[in-house]
Amino acid sequence: QVQLVESGGGLLQAGGSLRLSCAASGRTLDNYVMGWFRQAPGKEREFVAAVSRWGDRTVYADSVKGRFTISRDNAKNTLFLQMSNLRPEDTAVYSCAASTLSVVSMVVPVYIYWGQGTQVTVSS
């Protein structure tokens, strides 16, 4: 199985940018479809973005489309989420996750390996 560790979270003002990373170990990243999810206090975990095994297909939540970019570097076993024009409503714990299925899914239960998450806080 794969182990996932996120980094890059922080506190910033609205309109700023941040890049999250998700480092994988145990198995190579190209075995998995990868996704980013987030969970705000008192809310359910929600889908943010996902990318196919070779990076040729991406899917985004409507709320982040045009502002966030998911990418992966399989050679470095790392997944990224570039976030721009951040808003206070983007405040959440962001987690990366891995799916063994070939479909690029927005559905939480499809993803079976999860990182611990990294906090992103956007002030107005």
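Considering all non-hydrogen atoms of both residues, Gly117 and Ser95 come closest at CA-OG, 3.5 Å. Nearest heavy atoms, Ala92 versus Ala40: CB-N, 3.8 Å. Taking all atoms of both residues into account, the shortest heavy-atom contact from Ala98 to Met34 is CB-SD, 3.5 Å. Shown here for Ser21 and Thr78, the closest heavy-atom pair between the two residues is CB-CG2, 4.2 Å. Taking all atoms of both residues into account, the shortest heavy-atom contact from Ser102 to Val33 is O-CG2, 3.8 Å.
Between Leu18 and Phe68 the shortest side-chain heavy-atom distance does not fall below 4.5 Å. Residues Ile112 and Thr100 have side chains in contact (heavy-atom distance under 4.5 Å, counting atoms from C-beta outward). Put simply, the side chain of Leu81 does not reach to within 4.5 Å of the side chain of Arg19, judged on heavy atoms. Between Val107 and Phe47 the shortest side-chain heavy-atom distance does not fall below 4.5 Å. Contact check for Val93 versus Thr118: no side-chain heavy atoms found under the 4.5 Å cut-off.
Within the 3.5 Å criterion, the main-chain N or O of Asn85 finds a donor-acceptor partner in the side chain of Arg67. Remark: the backbone N or O of Gln116 is paired with a side-chain donor or acceptor of Glu6 at under 3.5 angstrom. For Ser17 (side chain) and Ser84 (main-chain N/O), no donor-acceptor pair under 3.5 Å exists by modelled atom type. Looking at Asn77, its side chain does come within 3.5 Å of a backbone N or O of Leu29 through a donor-acceptor pair. In this structure, the side chain of Trp36 engages the main chain of Phe80 through a donor-acceptor pair within 3.5 Å. Distance alone, capped at 3.5 Å, places no donor-acceptor pair between the Tyr111 side chain and the Met106 backbone.
For Arg53, there are no salt bridge (Lys or Arg N to Asp or Glu O under 4.0 Å) partners at least two apart in sequence or on another chain.
Here Asp62 pairs with Lys65 in a salt bridge; the nearest charged N to carboxylate O distance falls below 4.0 Å. A salt bridge links Asp90 with Arg38: the closest approach of a Lys/Arg side-chain nitrogen to an acidic carboxylate oxygen falls below 4.0 angstrom.
Inspection of the Thr91 and Glu89 side chains reveals no N or O donor paired with an N or O acceptor under 3.5 Å. Donor-acceptor pairing under 3.5 Å is recorded for the side chains of Arg72 and Asn74.
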Stepwise side chain to side chain contact (heavy atoms under 4.5 Å, CB included) check, Leu11 with Gln119: CA-CA 8 Å; Leu11 170 65; Gln119 177 71 47; over 6 Å; no

Derivation of the side chain to side chain contact (heavy atoms under 4.5 Å, CB included) call for Leu20 and Met83: CA-CA 8 Å; Leu20 305 183; Met83 305 185 293; 3.7 Å; yes

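Put simply, Leu79 and Phe37 are part of two different groups of oily side chains (I, L, V, M, F, W, Y) that touch within less than 4.5 Å, one to the next. Hydrophobic clustering (side-chain heavy atoms under 4.5 Å, transitive across Ile, Leu, Val, Met, Phe, Trp, Tyr) groups Val48 together with Val120. Side-chain heavy atoms closer than 4.5 Å link hydrophobic residues (I, L, V, M, F, W, Y) into clusters, and following such links, possibly through other members, connects Val104 to Val108. Clustering ILVMFWY residues whenever any of their side-chain heavy atoms sit less than 4.5 angstrom apart, transitively, puts Val64 in the very cluster that holds Ile70. Hydrophobic clustering of Ile, Leu, Val, Met, Phe, Trp and Tyr side chains at less than 4.5 Å, counting indirect connections, unites Val59 with Val110.
Atom OG of Ser63 sits about 5.5 Å away from atom CD of Glu46, to the nearest 0.5 Å. The distance from atom CG of Leu86 to atom OG of Ser123, rounded to the nearest 0.5 Å, is 10.5 Å.
Residues in residues 43-124 take part in these disulfide (SG to SG under 2.5 Å) pairs, two or more places apart or across chains: Cys22-Cys96.
Classified by interplanar angle (parallel below 30°, tilted 30° to 60°, perpendicular above 60°), the ring pair Tyr32/Tyr113 is perpendicular.
The side-chain tip of Arg45 points at the ring of Trp114 from less than 6.0 angstrom away and within 45° of straight on.
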